[in-house]
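Residue numbers begin at 1 in each chain, while the letters A, B, ... track the order of the sequences. Just so it is clear, the structure is predicted and the values come from calculations on it, not from any experiment.
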Amino acid sequence: MPMERKQAAYSNLDERYAIQGEKYQGQQYSHIYFTRLHHMRNLLHALVPTWKPQLPVTTVLGLEEGKECIIVGTLYKHMKLKPSILDEYSKERSAIPLVKPHNFMHPDDHLILEDESGRVTLAGEIPPAAFVTGVVVALHGKETSAGNFLVEDVLEAGLPPQTALSSADEDKYVVFVSGLSVGSGTFNPLQFQLLIDHITGHLGDENEQTIASNIVRVVVAGNSVHISPRFVNGQTVASKDQSRIAEPIRELDIMLTQLVSSLPVDIMPGCHDPANFSLPQQPLHRCLFSGASTYNTFSSCSNPHQFELDSVQFLGTSGQNIDDLYKYSDAKDKLEFMERTLRWRHLAPTAPNSLGCYPYTDKDPFLVESCPHVYFVGNQDKYETRLLEGPEKQKVRLICIPRFSESGVAVMLNLRNLECSTLSFSTSFDA
Amino acid sequence: MAGGAVDQSLLDLLPQIHALFSDPLRVISYKWLSRNFSVSSNDAKRLLQEFVNKNGTDLQVIYSVSGWLKNNPQNYCVKLTSGPKLEEARQAFKDSCSVQVYSIQASIPKDTAVLWNPEFVQAEELFNQPFDEENCLRDNRFCGVLNSFVKRTSSGKHVSSLPPKPINSAGAAAQSKPSIAPKKQFVTARQQDLPGLSSPKQGAGNKSEKDNSTVFDKAGNALVVKEPSVSAHANKNKAQNGKAIPGNGGSLSNMWGRASAKPKPPATTNSTASAIVAATADAQICEKEEAGADSSDDEQGIKYKRGSSSANDRKRRAVFDFSDDEEDDNIIRIASPELPKQHGLDPVTETAEDTEANPKNSENKDDLPNSVKDCSRGVDSEFTSECKTKSVSTVNHSGITLKEKSIDPPVNDSKQDSTAEPASTSPKRRKVLKTRIDDRGREVTEVVWEGEASAGDKTEKNVTTTAASGATLPSKPQPAANSDKSRAPSKAAGSKKPAKAGTKQGSIMSFFKKV
């Protein structure tokens, strides 16, 4: 007869992403960069003695031509193609070449290093394609006669320290799903219903329900609803359209109710959800989910979202940070972007430069201080996963969660061994 | 695979499934079945399997196949597949895959939404029940995996869970029904359906008992006479509980009422209880058809015909299918997921309204009076109140009602006419007839009433489709609503919700609001 669902100890670690008591007083973004540089420089300075003990550490202002040294600063990537709001106002027709379909890279891009004392253009062993504005690094090199800094080696902060995993002996699964896009043309409600029925233990035989009973949590990583853009163009919404806007949310609420009545669900906002635009996105308001929010199993979370489940640390976003890296840099796959953000110890280095971000004055919430065991990113084109191993025996499960509405795929992670598998749902019964 | 594991009590449900299945457009999925009959999902799947085993030839089955894929061992796949493709689909899975019946239907639907929609409509109904009520959607009681850690808070208090649908038990009809605050969703309408029949007492009705009696006395004789008194009551009541019930339907039906200068005597409406039962069953079945079918206007026409003259044939069929005692009858009625909007009895209220001078008064009071009078009325009123949200079902009602009263067809005609034509005789109004061919190639006659001055100088517009029978039925906002609903599912996701505001309906409503 019915089996009992497994449980896992959960603690939400989202406080650092909460915007509470912050008061916007016209401040700009310099504080974030300052805090970031300050924090990262301390980290890097501590690493330098083991990296290149013989070299002096100096500042940009203190550079001497031809003398090898180490400087620490924030990278700025000068990009020809980077869109600028000012372009719209320029009188002359610009000679800027066309943008490539997927990003703003150009062979002429170059990097500049900044610290409080000044800035210097970089050359040498530092590929611009692999870096973005906002990353803090230590560089080994020397100033050339042209006034550039010729880089010989780069030191990144590297993977943060990680807490040890306690070994578990039973299978417990966490299911990740993103990009449900309820209400969009690509959303297939039957597919989502199958996912729900699988997770909640309606579908399948005893074996399948045994698997389902091992699922301890579902994480919905952003873009759960799709609201037609014609409603969000700044015009007043006609009264008859108002219900149409609410429709997808209501439908999602009904679906979520089925989920939360069975197991804990975390829902994160994404770039298309009715939440604030700038990171960190604050939790979706509970009033949007009048049905689901009455359960103790429903938790509306911020984006980025950080939590701990049976001592396994999770960190994830709805994808904006990685999507932005994809626009401004290059890598062989999305997982490599994810890996870089961990090595840079910064979830979203392009914020606030090209990614919306709250103008914090006293902190940079996106610094990664401890290494998660699972790092997930939502709303990606396809499912990818890899186990990243660090020099200090860190093990991180990187997961790209595909958009469910397009792929019909959810990701299932086993807490016991951090192994990943997929759940796919096919409804093409007549094809 | 199910075979021996199925309880006898479950097997008893098979005839009911058979009856449900007789609707060619119905998709019976295991989950819908489970909620509808209050059995667990696993039992429902077994039940369907059993049903397929017995009646495998004349139905199409969609199976869910799930398991680890051969070519990608890290992928657990859940796949829906039709019966003929089952073996083929199974090849892709490892040996341990599970194969279960997902749904049965007369034909494989083209659109996946068709499969999903009945279930969603059902979920929505459950979802829309008052917050403090437990139901199988909210506690997920029919799944195979329980989680005792899930807690739900409903504004502080916890309400004991009562089975949302007593259908399963034979005594369903007798079961006392928790009075549910009138809700917009037809969900509740369905629920109230039952109790209305069995127990005439409604909370709301008591209030205006006096009024009722007077109304009815007069109604029994000639409604024409008593206009003033009714309207007076109406006003009063309106003031009292005007807000309690959404008024849209009221004003609309009111409108229809006003159209007829001479209301037909409703005397005949004092029908016996049995007649009512039949009528409701009938109405419901018609209802099903409407909701289930593509509900083109043509069909509506047919339906009306059936309703008014030959009738019953649907119902009979259903009854014959199983062992046809009263209980079964009830069960069917309850079980039908589409709301029984019970137009059947409405005319009473309609006629009552006819007499009213004040167009603003809505059914509220009318309902109340009726309910007290006798149970048939009670049912009636309840339905109408529920129906309001659907706006205007009056036309429908007239058709069905007639039959129910067992009045011969001619009377029907006259009645129908009465709603349509009186206005022309009325000095205050002008009738404009517009005939056009609509986009589906049917002839549509629009009857536009232009009234001056009187209570609310509004233009009423009836869109009438001339059916093959030649009977001109006064418009059908109701069908429109239905068709919206039933058509919607086949569209893509978000917008399809059957819930409120089909565009047509919306526009009509807003029109009246304006007035």
Return the minimal non-hydrogen interatomic distance between A/Gly204 and B/Ser98, and the atom names on each side.
CA-OG, 3.7 Å
Checking heavy atoms, do the side chain of A/Leu423, its backbone, both or neither come under 4.5 Å from chain B?
both
Counting heavy-atom pairs under 4.5 angstrom with chain A, the leader among B/Thr81, B/Asn72, B/Asn42, B/Leu69 is B/Asn42
Check this for me, if you would: do A/Asp381 and A/Arg403 make a salt bridge, where the nitrogen-to-carboxylate-oxygen distance has to be below 4.0 angstrom?
yes
Select one option (side chain, backbone, both, neither) describing which atoms of A/Thr186 are under 4.5 Å from chain B's heavy atoms.
neither
Taking atom types as modelled, find out whether A/Asp171 and A/Asn214 have a side-chain donor-acceptor pair closer than 3.5 angstrom.
no
Salt-bridge test for A/Arg250 and A/Asp253: reply yes if a basic N is under 4.0 Å from a carboxylate O, no otherwise.
no
Check whether B/Tyr63 gets within reach of chain A through its side chain, its backbone, both or neither, counting any heavy atom under 4.5 Å.
neither
Using non-hydrogen atoms only, which part of A/Ile211 is less than 4.5 Å away from chain B: side chain, backbone, both, or neither?
side chain
Select, from A/Ala292, A/Ala212, A/Ser261, the one with the greatest count of heavy-atom pairs under 4.5 Å involving chain B.
A/Ser261
Between A/Gln191 and chain B, which part of the residue has a heavy atom less than 4.5 Å away: side chain, backbone, both or neither?
neither
Could you tell me how the ring of B/Tyr76 sits relative to the ring of B/Trp68: parallel (under 30°), tilted (30 to 60°) or perpendicular (over 60°)?
perpendicular
Honestly, the part of A/His198 sitting under 4.5 Å from a heavy atom of chain B is side chain
Contacting moiety of A/Val260, where chain B heavy atoms sit under 4.5 Å
backbone
Does NZ or CZ of A/Arg397 fall inside the cone over A/Tyr375's six-membered ring, less than 6.0 Å from its centre and within 45° of the axis?
no
Distance alone, cut at 3.5 Å: any donor-acceptor contact between the side chains of A/His226 and A/Ser181?
no
Hey, which of A/Asp197, A/Thr210, A/Thr257, A/Ile215 has the most heavy atom pairs under 4.5 Å with chain B?
A/Asp197
